[in-house]
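Side chains are part of it too, since the values below use all heavy atoms of this structure and drop only hydrogens, waters and symmetry mates.
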Amino acid sequence: MSRDPETVASTPPAQPAAAACAWCGAELQPAPHDGFGTELCTVCGASTTVPIPTAADLELAYGAWYRPTHGRFSGIGDRLLRRTRGRLARRLDRIAPLGPVLDVGAGDGALLDALESVGREGVGLERRSDRSDVREASLDEVEGRFAAVVFWHSLEHLPDAGQALSRAANLLVPGGVVVVAMPNPNSLQAELFGEHWFALDLPRHLVHVPAPSLLARLGQLGLEPIRVSHLRGGQVVFGWLYGIVGSLPGRLDVYDAIRRPEARRSEASRARRYAALIAGAIALPVSIACALLEVAMRRGGTIYVEARRG
């Protein structure tokens with residue numbers, strides 16, 4: 001069920017009789033949902049958000065609050081994110097052959113800036129952008145060849161994610177790499193928190209792909225994984241933190257509490273925000289322990305894969 005009240009209001013009360021799996025294209029027969037929900041594909045093991053959000057639904061879901069101009073997070077949050085993109089850029093420069101890098105879902109361009117700093121050309125794709133190095137286009141419209149294609153928590157936002165991954169493989173030069181970081185619905189945190197799992201994020205996340213299904217698809221496309229991590233994809237500890245704090249009486253929202261005022265999904269009193277931050281600080285050691293456990297079990301909240309084209 002949808003977590004965001006502003007999207008529930010726009011959700012149609014009925015569903016189409018059939019839909020296609022956003023990962024493998026198999027036909028689905030979705031059951032009725034009160035708001036947005038997910039439908040499991042028995043062919044590939046991925047789930048698709050149903051009913052399929054309309055353009056109006058997505059415009060509402062990606063409101064001005066989602067990624068405001070001056071950043072999303074209070075304190076050092078945005079600087080830390082840029083530092084992680086710098087680490088990724090240096091990693092790409094080591095493992096990818098010569099050539100440009102395509103960043104699908106470039107956001108504010110942090111990875112593109114980091115690639116430039118290591119002497120790499122980067123091209124981004126995004127729904128809306130005023131940057132000259134970011135195109136407002138779909139992956140199908142991209143031409144040329146790339147040393148790497150990056151889906152950093154963007155593949156789950158695409159309506160035909162399985163086809164997008166196939167298109168990315170075709171855009172690679174020989175020896176090129178695809179990098180994917182995305183939520184793992186096979187994780188312990190997803191199982192425990194259910195519809196309140198942080199990374200479910202309906203209706204923005206249109207497909208929900210377990211780690212085994214992602215790896216199987218990469219293999220079908222002739223891409224050989226060279227690194228698989230249940231820790232490097234980010235949001236692993238925070239998924240636990242959000243879920244634990246949100247399970248407390250009053251359903252405190254630690255995600256909104258750490259965001260800038262203009263980047264919050266809804267208004268909340270200062271007292272509630274402080275309560276969420278205090279609860280988060282108390283829950284942090286438990287969240288770290290839970291994250292380490294699921295990583296050790298290879299069921300982390302995110303899956304990170306680097307896969308090379310032969």
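The salt bridge (charged side-chain N to carboxylate O under 4.0 Å, His left out) check on Arg128 picks up Glu59, with sequence neighbours excluded. Residues satisfying the ring pair (Phe, Tyr, Trp, His ring centres under 6.0 Å) test with Trp23, not counting sequence neighbours, are none. With sequence neighbours excluded, the residues forming a salt bridge (charged side-chain N to carboxylate O under 4.0 Å, His left out) with Arg91 are Glu306, listed by chain and number. A search for ring pair (Phe, Tyr, Trp, His ring centres under 6.0 Å) contacts involving Tyr304 returns nothing, not counting sequence neighbours.
Side chain of Arg145 to backbone of Leu172: a donor-acceptor contact under 3.5 angstrom is found. Between the side chain of Arg204 and the backbone N or O of Ala61, at least one donor-acceptor pair lies under 3.5 Å. No side-chain donor-acceptor contact under 3.5 Å links Ser213 to the backbone of Val209. Between the side chain of Arg264 and the main chain of Asp256, a donor-acceptor pair closer than 3.5 Å is present. For the pair Arg259 (side chain) and Arg265 (backbone), a donor-acceptor distance under 3.5 Å is absent. With Arg273 contributing its side chain and Ala268 its backbone, the two residues share a donor-acceptor pair below 3.5 Å. In this structure a side-chain-to-backbone donor-acceptor pair under 3.5 Å is present from Arg251 to Gly246. At least one donor-acceptor pair closer than 3.5 Å links the side chain of Arg272 to the backbone N or O of Gly250.
Membership of the apolar cluster around Val236 extends to Leu231, Val295, as traced through chained side-chain contacts below 4.5 Å between ILVMFWY residues. In the hydrophobic clustering (ILVMFWY side chains linked at under 4.5 Å, chained through shared members), Val173 stands by itself. With a 4.5 Å cut-off between side-chain heavy atoms of Ile, Leu, Val, Met, Phe, Trp and Tyr, the cluster of Val118 takes in none.
Within a 6.0 Å sphere centred on OH of Tyr66, heavy atoms belonging to other residues, nucleotides or ligands number more than 12.
Using a 4.5 Å cut-off on side-chain heavy atoms (C-beta onward), Val180 and Ile303 make no contact. Side-chain contact between Leu88 and Trp152 is present, with heavy atoms from C-beta onward closer than 4.5 Å.
Among residue pairs with one or both ends in residues 169-191, those qualifying as side-chain hydrogen bond (donor to acceptor under 3.5 Å, both in side chains) are Gln189-Trp197, Gln189-Glu294, Glu191-Arg299; sequence neighbours excluded. Under the ring pair (Phe, Tyr, Trp, His ring centres under 6.0 Å) criterion, the residue pairs touching residues 201-232 are His157-His205, with sequence neighbours excluded. Counting only residues at least two apart or in different chains, salt bridge (Lys or Arg N to Asp or Glu O under 4.0 Å) contacts with residues 156-180 are absent. For residues 92-104, every residue pair satisfying the side-chain hydrogen bond (donor to acceptor under 3.5 Å, both in side chains) rule, not counting sequence neighbours, is listed here: Asp93-Arg120. Pairs engaging residues 217-228 under the salt bridge (Lys or Arg N to Asp or Glu O under 4.0 Å) rule: none recorded [sequence neighbours left out].
Taking every heavy atom of both residues into account, Leu158 and Ala164 meet most closely at CD1-CB, 3.6 Å. A pairwise comparison of heavy atoms in Pro203 and Leu206 identifies O-CD2, 3.1 Å as the closest pair. Between Leu139 and Ala168, the shortest heavy-atom contact is CD2-N, 4.1 Å.
Note on Asp113 versus Arg131: salt bridge recorded, some NZ/NE/NH1/NH2 to OD/OE distance being below 4.0 Å.
The only member of Trp240, Tyr242, Phe198 that meets ring-ring contact (aromatic ring centres under 6.0 Å, His included) when paired with Phe193 is Trp240.
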